[in-house]
Amino acid sequence: MKHVLIIDGLNLIHRARVAMFDANNGLTSTALRSVRSLIERFKPDVAYFVLEGKPQRRIDESGGTYKAQRVTMDDTFWLQKRQVIDIIADHLPVILIRHPNYEADDVIAHLARHVHIEDRVTVVSTDSDFIQLINNDDHRISLYSPIKDVFVDAPGYNYVQWKALRGDGADNIKGIPGIGNKRAEKLITTPGAMEELFNKKPETRQIYEHNLSMIGFENLENSWEKTTQSNPSRTNDNLRLRLQALDFVSLTSEKSWSKWISSFDRLWIQFPSQA
């Protein structure tokens, strides 16, 4: 059994945004250091950095409101995001993967549930949607929250049903009016309570079923071949020059460089031509 590390890429990049103006290319530096830190901590046999595609179905079915409330980032963010992605894709043995038509969440779920069905999987993200992947009966998949530095425990109820009832403000999905966290949990853990609600207020069933389709992971089995994956080159000298050009002095110094780059050595087996 392999240990597979799956990093929610955009989630990590957004967390690194706090350092965007701390130094030259602060976001880029922080994001790359975070990737290396995760590799050092978990020492996986396989590692992924998963990017976003365009969730057209969810956008269309929401009438364009899905995640529409999110603030647009400035040019500095987009430049440094691009730097992070390009450096990982070109130089690091972390599989950068993306599906053009689905979100990172859906790709991560497919990797964990289908591609690596016989492996131990650690998902790294602060996105609570990944609670769908963990349950008390299957300890093969774990969810690590890097902000709290904890592994998330599986809830004692169906998380997707719970969220479909109370909504998801982060994705601009409105819940059923009058239902908050506690009432949603009570409804799904009390036999017959949900059906009683739907019979009493028929309009709530439509909201609930719509939300289920927005929150649950997509089925990628018939379109997995459309994913794109990186094919990096093991050219450490070129990577060092590239990081030096970004003014990453402490990372590329004689004292730090060999230790930093050696963290990735074991992962090159994922790319046989470079191993």
Side-chain angles (χ1 to χ4, degrees), residues 6-15 17 50-73 98-113 123-135 141 143-148 152-190 193-221 223:
I6 307 179
I7 302 170
D8 183 352
L10 191 57
N11 186 269
L12 181 146
I13 289 172
H14 273 284
R15 294 198 309 275
R17 186 162 48 98
V50 187
L51 298 177
E52 296 287 329
K54 187 176 182 179
Q56 196 61 55
R57 182 195 67 80
R58 290 186 175 111
I59 293 171
D60 290 344
E61 291 188 7
S62 69
T65 63
Y66 183 66
K67 294 186 176 181
Q69 86 287 8
R70 297 195 176 185
V71 178
T72 301
M73 298 293 108
R98 175 181 181 271
H99 193 296
N101 304 323
Y102 295 102
E103 294 178 85
D105 301 30
D106 302 313
V107 175
I108 290 172
H110 188 86
L111 285 168
R113 288 175 168 173
V123 175
V124 179
S125 181
T126 61
D127 189 341
S128 63
D129 280 344
F130 291 114
I131 291 175
Q132 298 177 62
L133 291 177
I134 58 176
N135 61 68
I141 303 173
L143 173 61
Y144 173 72
S145 173
I147 294 295
K148 297 180 179 180
V152 179
D153 292 328
Y157 51 83
N158 186 304
Y159 180 79
V160 180
Q161 290 181 345
W162 175 82
K163 207 168 206 181
L165 289 168
R166 49 86 70 186
D168 185 351
D171 290 343
N172 206 25
I173 299 172
K174 295 181 179 179
I176 296 173
I179 296 181
N181 293 350
K182 291 184 178 180
R183 190 178 177 202
E185 182 177 349
K186 186 175 181 180
L187 282 168
I188 62 175
T189 56
T190 303
M194 285 177 60
E195 199 60 34
E196 183 180 341
L197 170 68
F198 297 150
N199 290 335
K200 185 176 180 180
K201 298 181 178 180
E203 70 278 7
T204 60
R205 187 188 297 275
Q206 184 177 357
I207 297 172
Y208 172 76
E209 291 179 350
H210 168 75
N211 288 354
L212 281 179
S213 73
M214 300 295 287
I215 295 166
F217 295 129
E218 298 273 23
N219 184 344
L220 273 60
E221 289 188 49
S223 64

Main-chain N/O of [Y] paired with [X] side-chain donor or acceptor, under 3.5 Å:
| X | Y | value |
| --- | --- | --- |
| Thr190 | Ala193 | no |
| Asn211 | Ala164 | yes |
| Asn158 | Val160 | yes |
| Gln56 | Tyr102 | no |
| Asn11 | Ser125 | no |
| Asp106 | Phe217 | no |
| Gln161 | Leu212 | no |
| Arg58 | Met214 | yes |

task: Determine whether the side chains of Asn101 and Ser223 contain a donor N or O and an acceptor N or O closer than 3.5 Å.
output: no
- request: Using distance alone, with no hydrogens and no angle criterion, decide if Asn181 and Glu185 have a side-chain donor and acceptor under 3.5 Å apart.
  value: no
field: Neighbour count >12 (heavy atoms, 6.0 Å) for atom CD, Gln206
entry: no
Hey, does [Y] have a side-chain heavy atom less than 4.5 Å from the side chain of [X]?
| X | Y | answer |
| --- | --- | --- |
| Ile188 | Leu165 | yes |
| Tyr66 | Asn172 | no |
| Asp8 | Val123 | no |
| Leu197 | Ile179 | yes |
| Met73 | His14 | yes |

- prompt: Is Glu196 salt-bridged to Lys200, going by a charged N under 4.0 Å from an acidic O?
  reply: no
query: Is the shortest distance from a Lys or Arg side-chain nitrogen in Arg205 or Glu195 to a carboxylate oxygen in the other one below 4.0 Å?
result: yes
task: Could you give me the CA-CA distance, side-chain angles and deciding distance for Arg183 and Arg166, then say whether side chain to side chain contact (heavy atoms under 4.5 Å, CB included) is met?
output: CA-CA 9 Å; Arg183 190 178 177 202; Arg166 49 86 70 186; over 6 Å; no
- prompt: Run the side chain to side chain contact (heavy atoms under 4.5 Å, CB included) check on Val107 and Arg98 step by step: do they pass?
  reply: CA-CA 7 Å; Val107 175; Arg98 175 181 181 271; over 6 Å; no
message: Checking Asp105 now: which residues fulfil side chain to side chain donor-acceptor pair (under 3.5 Å) with it, not counting sequence neighbours?
response: none
field: Heavy-atom closest contact (Gln132 atom, Gly216 atom, distance)
entry: OE1-CA, 3.5 Å
Look up atom [atom1] in [X] and atom [atom2] in [Y], then write down how far apart they are to the nearest 0.5 Å.
| X | Y | atom1 | atom2 | result |
| --- | --- | --- | --- | --- |
| Ile173 | His210 | CD1 | NE2 | 6.5 Å |
| Phe198 | Thr204 | CZ | OG1 | 5.5 Å |
| Lys174 | Ile207 | NZ | CD1 | 10.0 Å |
| Leu10 | Arg15 | CG | CZ | 10.5 Å |

Full working for side chain to side chain contact (heavy atoms under 4.5 Å, CB included) between Lys67 and Glu103: CA-CA 12 Å; Lys67 294 186 176 181; Glu103 294 178 85; 2.3 Å; yes
message: Among Leu133, Ile134, Thr126, exactly one meets side chain to side chain contact (heavy atoms under 4.5 Å, CB included) together with Phe130. Which residue is that?
response: Leu133
message: Please determine whether side chain to side chain contact (heavy atoms under 4.5 Å, CB included) holds for the pair Ile6 and Val50, giving the CA-CA distance in whole Å, both sets of side-chain angles, and the decisive distance to 0.1 Å.
response: CA-CA 7 Å; Ile6 307 179; Val50 187; 3.7 Å; yes
task: Provide the full list of salt bridge (Lys or Arg N to Asp or Glu O under 4.0 Å) pairs with a residue in residues 155-164, sequence neighbours left out, each pair given once.
output: Asp129-Lys163, Lys163-Asp168
